[in-house]
Amino acid sequence: MADSTQRFDFVIAANRLPVDRVVDADGNVEWHRSPGGLVTAMESVMSERDGVWVGWAGEAGEAPAPFDEGGMRLHPVPLSEEEVAGYYEGFSNDTLWPIYHDVIVPAQFHRKWWQLYREVNERFAQALADVAAEGATVWVHDYQLQLVPALLRQLRSDVRIGWFDHIPFPPVELFGQLPWRAAILEGLLGADFLGFQRPGDAENFLRACRRHLGMTVKGDVVHVGKTTGGHDVRAASVPISVDFSSMDELARRPEVRRRAKEIRASLGDPSVLLLGIDRLDYTKGIRHRLKAYEELLRDGHLDGSDTTFVQIATPSRERIDAYIDLREHVESAVGRINGEYSDIGSPAMEYLHQSHPREELAALYLAADIMLVTPLRDGMNLVAKEYVSCRHDNGGALVLSEFTGAAEELKEAYLVNPHDTVGLKRTIMDAIGASPAERSRRMKALRRRVRRNDVQHWAASFLEQLEAAPGRPARHTRPATLEREEREGRVDALEHQRQLDAQEDEAHATDEEA
Ligand code: GDG
């Protein structure tokens, strides 16, 4: 068992630990790496550092003791059945997720869910305070933990706190629907630096601070009033990416290339192979791409006996109504398309509601002529970048929704508005009809960009900006020893704070005069 008194200089907090518990036939417990955008991105960052990852282990009830896995310490936080239903499936995924993704489905508001969200955020903040060494860097992830920065700040003013938003940050009009909007903004403002996927997300956040909290915002910095901490918080875009070189290397392996050929052969060697890989989520635009594909078959632009569309839909949030409805809709469309347009041995569609190993995904990327990434809203979309990373042959074509963070960078993709069925169909046909030279020109440019802006670059850039963030006066003016003495009651903390506030007032007055 791991030493539970050990403290770490680098701490990650995310809703989930990057592993799943698996029990083998003999009843032995093993931990397997789990799929997902955040996990994929952070694993390569953690492999280079001596740090700890704090998160939920994935099963309700008591949490396992801290343990080491894949070169990092994992520190589980427990969640009860009620908390999984209220904090995770409820508030995170049925209130925040829809609001932050343009209300593609209506958001549900329940005060009980909010209470559970607050309680779980408090538990995370306490766990972080327990494992962080003096002056540690704490990197909090995503929309499930938006209250953690301020809660942790209250417990540990010596640590530097960054928060990264993996999903979009909504426009003020949508964010304003949340009855708890002020508390969420105040929670985030406990951080020193807030990272977002797109500049537009950071701007939405800054606007929300102005509109809903009446805060002063100068450029990309929010000045937090003294009643709520009295410090500066910077918000900027730091677009996430993928581990380009490891995906590129994986796709070059002879067995992966062999598997790519095998996949095509097993589908009857179609002339055109289209591919979608997504969590089965209504934000991903799976219904929209199925509609476009079905119409292309119906109108005779594509021949179902010579075209296959492979859709991998990883199971996700299966107890939430909107996800149950989506699955029914997708599976009925797939059945209809296959019933109408397949031949024996050459399916018009192949649909797999399963998770697959990375090697298999790489082989699929390599096998596909056309990659369909058509979200209605997506923070970034790592699948688009993974596809590009795997195409060392400069082949294939990426059809990419304008409403993904990835579209801000991947301008040489075939960009589409997935709501525009006519435009989507036309763009798919343009990508199919493009010459090998045109595809290669686009793919080379895309690969250059992802190679340069890979996940290592993203993490380094986030951490650099966190370190350089304006921070709070306390970090610069109050030695850690003094903080400790205050906690132990050996000096009068309030008196000291009064002196600091007075100093700060003077400093601001001088700034404004200048
Ligand atoms: C959130 C934001 C943002 C999928 N199926 C399997 C599997 N995956 C992997 C993919 C990819 C990841 O999961 C999915 O990443 P996305 O970016 O598409 O989407 P979200 O899960 O919604 O992630 C998103 C991301 O965070 C990062 O910031 O880009 O906008 O919503 O890496 O390859 N991996 C394996 N088997 C599967 O079956 N091994």
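Order of appearance sets the numbers: ligands from 1, and atoms from 1 within every ligand.
- When only interatomic distances are considered, the shortest N/O to N/O separation between Met380 and ligand 1 falls below 3.5 Å.
- Every N/O-N/O distance between Ile167 and ligand 1 stays at or above 3.5 Å.
- Residue contact check: Gly379 has heavy atoms under 4.0 Å from atoms 30 (O) of ligand 1.
- One finds no salt bridge joining Glu249 and Arg252 here, because no Lys/Arg side-chain nitrogen approaches an Asp/Glu carboxylate oxygen to under 4.0 Å.
- Ionic pairing of Arg449 and Glu409 is not present here: no N-O contact between side-chain nitrogen and carboxylate oxygen is shorter than 4.0 angstrom.
- Residue His101 has no N or O atom closer than 3.5 Å to an N or O atom of ligand 1.
- Less than 4.0 angstrom separates some heavy atom of Gln197 from each of these atoms of ligand 1: 3 (C), 28 (O).
- Under 4.0 angstrom from ligand 1, there are no non-hydrogen atoms of Trp458.
- The contact set between ligand 1 and Glu386, taken as ligand atoms under 4.0 Å from a residue heavy atom, comprises 10 (C), 11 (C), 32 (O), 33 (O).
- Those atoms of ligand 1 that come under 4.0 Å of a heavy atom in Ser355, given as number and element, are 36 (N), 37 (C), 38 (O).
- Of the candidates Val383, Asn381, Leu361, it is Asn381 that places a heavy atom closest to atom 29 (O) of ligand 1.
- Within the cation-pi definition used here (under 6.0 Å to the ring centroid, within 45° of the axis), Arg160 does not qualify as a partner of Trp139.
- Checked for salt-bridge contact, Asp369 and Arg264 meet the test: a charged N lies under 4.0 Å from a carboxylate O.
- Contact atoms of ligand 1 toward Trp97: 31 (O) (distance under 4.0 Å to a heavy atom of the residue).
- Within the 4.0 Å heavy-atom criterion, the part of Thr314 lying near ligand 1 is the side chain and not the backbone.
- By the 6.0 Å contact criterion, NZ on Lys444 is open, its count of non-hydrogen atoms from other residues, nucleotides or ligands being 12 or less.
- Inspection of the Asn93 and Tyr143 side chains reveals an N or O donor paired with an N or O acceptor under 3.5 Å.
- Every heavy atom of Tyr143 sits 4.0 Å or more from the atoms of ligand 1.
- Nearest-residue assignment for atom 3 (C) of ligand 1 (options Lys385, His141, His166, Arg279; heavy-atom criterion): His166.
- Using a 4.0 Å cut-off between charged nitrogen and carboxylate oxygen, Lys291 and Glu295 count as a salt-bridge pair.
- The distance between the ring centers of His110 and Trp114 does not fall below 6.0 angstrom.
- Heavy atoms of Lys284 approach ligand 1 to within less than 4.0 angstrom.
- Using a cut-off of 4.0 Å between Lys/Arg side-chain N and Asp/Glu carboxylate O, Arg447 and Asp248 are scored as salt-bridged.
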